[in-house]
Protein chains: 2
Amino acid sequence: MEQLKTEILTGDCLEVLKNHPDNSFHLIVTSPPYADSRNNTYGGIKPDNYVKWFMPRAKEFLRVLRDDGTFILNIKEKAVNGERHTYVLQLILEMRLHGWLWTEEFVWHKKNCYPGKWPNRFRDAWERCLQFNKSKNFNMYQQEVMEPVGEWAKSRLKNLSATDKIRNNSNVGSGFGKNVSNWLNRDKAYPTNVLHFATECNNKTHSAVFPKALPRWFIKLFTKEHDWVLDPFAGSGTTCEAAQEMNRNSVGIEILAEYCDLAKEKTSKSQNRLLNNHSSVSGIGGLF
Amino acid sequence: MEQLKTEILTGDCLEVLKNHPDNSFHLIVTSPPYADSRNNTYGGIKPDNYVKWFMPRAKEFLRVLRDDGTFILNIKEKAVNGERHTYVLQLILEMRLHGWLWTEEFVWHKKNCYPGKWPNRFRDAWERCLQFNKSKNFNMYQQEVMEPVGEWAKSRLKNLSATDKIRNNSNVGSGFGKNVSNWLNRDKAYPTNVLHFATECNNKTHSAVFPKALPRWFIKLFTKEHDWVLDPFAGSGTTCEAAQEMNRNSVGIEILAEYCDLAKEKTSKSQNRLLNNHSSVSGIGGLF
DNA sequence: GTTCCGCATGAATCGATAG
DNA sequence: ACTATCGATTCATGCGGAA
């Protein structure tokens, strides 16, 4: 079997991605720098300039993403002048004009969001995970993220009611009665578009990143083993770490050298285990 | 004390509201007909025409809302052609151009969302509750919606790191650090902008578009007793019923006569109960 | 009286079929 | 080709009758 690769590249993804071929990634999942934060990088993007700053990068993402791939964008607008800023809304509209399909908007419910109090708003306990695609026929492996059903099912499934059977079989004689058998052994259900993940607030080195569970969930849902995952704003490398643990190849791009070091350290730890048996792994030229 | 009023008016709110004076409502909370649904009323609004249909009504809402009032709009875009439609995003942008402030976006998490399975998406378990205001200085009674502190919150506060506390104090010198220490001894906490309400979908009581708990929450948060609440798309009168139970005056407008009858029945029942007890409907030591 | 358990229902969405 | 209708899919909730 092929050697798994995890690459951390330093630089602005707008430039770095130019070295990557078209249609090469199955999934892009990222949490870009929010407007007005990370002032020392990317020139400190102001909310009003966010769309303009993001779009050329989105164009590169569109190019390197496979036609059956998915782009997950974790983002949330900040409150400016007492209002929610509109740059995320405008970004969605703009991306659609440039060929992206806005397939879905997942809500990441942050169960343990930061405490605080303001006179005119409550704590912000959710972020958007926007799903974009290049085509309607994208890969989705729903069974990989099924969850245990609620308590109600235990009693419910003891006896299937007559109406359940009636409703399932309905009138048309076309289909098999397969639903009933599915239900009888069912202990898992498909999730919804609301995700409940706690933030990892004890992370001292790199705050404000998403918890590893978040990229892990989307990697499970949209890729198979040995597929290629890209995080163009890799930060401390959470996405690449998750990808590596799940036997996916990945590329992480990060403009800040210190974060790159962190990311490399994270991902090389696991790789060292591999390296005991094999030869070199990372190496920029060897990827494509 | 003044007699409490609950009015159900039949007609299109665009017309009916013309008879109402400026600056008369403290809160507008409503769930308008979603695009492509309720085909027999309002001409069956197509997604592409939604903003155009909504805006003249939004203009009336702006007029009748008090300067310190709030407009809560419960809405969710549908999936069209494999994509989320953008009419809600465009509506937000358009309303801002016409004088509304987009203060906040609450997420209503529907724990018991509609079942189903599709190859390209999961069940939709959330809707938007968009908060609009006329001014930054709107009324908000946060203490009225405080919730019991869950176990997770207790552990979260225990684990506040030293740097967390330092940052709290330094950021907003006026009250933030103080509030954190207050939290430690509280058994109640302020909620977040994610609301968890199950839909009321059983057949006995006439099912409402949103559960009564939803308007109730916003009425508590944004009005005092005897304030005026408006629901311009009243449906079966859930908002007015909630308002009445909480000693708020309310006006509900609904275009469908049959829904109006339902709404009148709901709200007259409670009034009869109160009237039978004689004395002022809104007596302080009365129902609540 | 409690608790348990059966069960209809819902702002849904897709794909196939019909006009 | 484009639009309208229809069937299939599926999960959590609260009511009400039963134990």
Side-chain angles (χ1 to χ4, degrees), chain A residues 103-105 136-138 140 142-143 146-194, chain B residues 30-42 44-48 50 73-85 87-88 108-129 196-214 233-236 238 256 259:
Chain A
T103 307
E104 179 58 302
E105 179 171 347
K136 290 178 194 169
N137 300 312
F138 52 87
M140 194 179 196
Q142 300 189 354
Q143 67 284 357
M146 291 186 80
E147 299 167 347
V149 294
E151 289 300 311
W152 61 270
K154 287 173 184 160
S155 56
R156 177 73 174 84
L157 291 177
K158 278 180 189 168
N159 297 326
L160 276 184
S161 71
T163 47
D164 275 339
K165 291 168 186 168
I166 290 168
R167 284 181 68 176
N168 282 338
N169 292 336
S170 193
N171 40 17
V172 181
S174 65
F176 295 99
K178 63 191 176 197
N179 323 328
V180 178
S181 60
N182 279 348
W183 273 76
L184 286 174
N185 296 324
R186 182 70 60 91
D187 58 346
K188 294 192 172 187
Y190 292 100
T192 71
N193 59 1
V194 176
Chain B
T30 196
S31 196
Y34 289 7
D36 244 342
S37 60
R38 294 180 71 172
N39 280 324
N40 297 329
T41 63
Y42 303 104
I45 316 118
K46 294 280 174 282
D48 290 343
Y50 199 85
L73 180 62
N74 167 227
I75 197 167
K76 181 66 188 265
E77 58 271 40
K78 37 180 307 171
V80 176
N81 256 337
E83 277 188 281
R84 286 285 160 200
H85 201 282
Y87 57 87
V88 175
W108 168 28
H109 172 217
K110 298 185 288 186
K111 291 176 64 183
N112 59 340
C113 63
Y114 201 92
K117 183 184 185 308
W118 307 276
N120 56 344
R121 67 179 65 248
F122 290 132
R123 294 170 291 148
D124 191 6
W126 68 285
E127 296 190 11
R128 307 176 194 275
C129 290
H196 305 270
F197 295 118
T199 58
E200 298 163 354
C201 65
N202 40 347
N203 55 349
K204 276 301 175 183
T205 62
H206 191 277
S207 58
V209 290
F210 46 27
K212 210 192 319 185
L214 196 62
F233 306 100
S236 62
T238 308
L256 274 187
Y259 281 119

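Residue numbers start from 1 in every chain, and the chains themselves are labelled A, B, ... in the order their sequence lines are given, proteins ahead of strands. Any value given below was found using the heavy atoms of this structure, including those in side chains, with hydrogens, waters and symmetry copies removed.
Contact between the side-chain N/O atoms of B:Asn120 and the OP1/OP2 oxygens of C:dT13 is not found at any separation under 4.0 Å. Listed pair B:Arg123 / C:dT13 fails the phosphate criterion, with no side-chain N or O lying under 4.0 Å from OP1 or OP2. For C:dA12, neither phosphate oxygen OP1 nor OP2 lies less than 4.0 angstrom from any side-chain nitrogen or oxygen of B:Lys78.
In the set D:dT13, D:dC11, C:dC14, the nucleotide with an atom closest to the side chain of B:Ala79 is C:dC14. Here the side chain of B:Pro115 is nearest to one of D:dC11, D:dA12, C:dA12, namely D:dC11. With distances taken from any side-chain atom of B:Trp118 to the nucleotides C:dT13, D:dG14, C:dG10, the minimum falls on C:dT13. Here C:dG15 is the nucleotide among D:dA12, C:dG15, C:dG10 with the atom lying nearest to any side-chain atom of B:Pro119.
If you take CH2 of B:Trp126 and P of D:dC11, they are 22 Å apart, rounded to a whole angstrom. To the nearest angstrom, C1' of C:dT13 lies 12 Å from CG of A:Asn193. Distance A:Gln143 CD to D:dT10 P: 13 Å, rounded to the nearest Å. The CG atom of B:Asp124 sits 11 Å away from the P atom of C:dC14 (whole-angstrom rounding). With rounding to whole Å, B:Trp108 atom CH2 is found 14 Å from D:dA12 atom C1'. When the P atom of D:dT10 is taken as reference, atom NZ of A:Lys188 falls 16 Å away, rounded to whole Å. In this entry the distance linking CD of A:Glu147 with P of D:dT10 reads 16 Å, nearest Å. Atom CG in B:Asp36 sits about 12 Å away from atom P in D:dT3, given to the nearest Å.
The side-chain contact (heavy atoms from CB on, under 4.5 Å) test with B:Cys129 is passed by exactly one of B:Leu73, B:Ile75, B:Leu214: B:Leu214.
Atoms CZ and CG, on B:Arg84 and B:Asp124 in that order, are 4.5 Å from each other to the nearest 0.5 Å. To the nearest 0.5 Å, atom NZ of residue B:Lys110 and atom CH2 of residue B:Trp126 are 10.5 Å apart.
Looking at which nucleotide of DNA chain C each of B:Asn74 and B:Glu83 is closest to, the 5′-most match is held by B:Asn74. Nearest-nucleotide mapping onto DNA chain C: of B:Arg121 and B:Lys76, the residue sitting toward the 5' end is B:Lys76. For the pair B:Tyr114 and B:Lys111, both in contact range of DNA chain D, the more 5′-proximal nearest nucleotide belongs to B:Tyr114.
Residue-level contact check: B:Arg128 touches neither bases nor backbone, having no heavy atom under 4.0 Å from any strand. Among the heavy atoms of the strands lying under 4.0 Å from B:Lys117 is at least one base atom, whether or not backbone atoms are also near.
B:Arg123 contributes a side-chain N or O that, together with a main-chain N or O of A:Tyr190, makes up a donor-acceptor pair within less than 3.5 Å. With B:Asn74 contributing its side chain and B:Pro32 its backbone, the two residues share no donor-acceptor pair below 3.5 Å. Under the 3.5 Å distance criterion, the side-chain polar atoms of A:Thr192 are matched with a main-chain donor or acceptor of A:Val194.
A salt bridge does not link B:Glu83 to A:Lys136: none of the charged nitrogens lies less than 4.0 Å from a carboxylate oxygen.
Ring geometry for B:His109 against B:His196 counts as perpendicular: the plane angle is over 60°, on a 0 to 90° scale with 30° as the lower cut.
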Per-nucleotide pairing state of DNA chain D [Watson-Crick or G-U, under 3.5 Å; [ ] pseudoknot-crossing; | other strand]: .||||||||.|||||||||
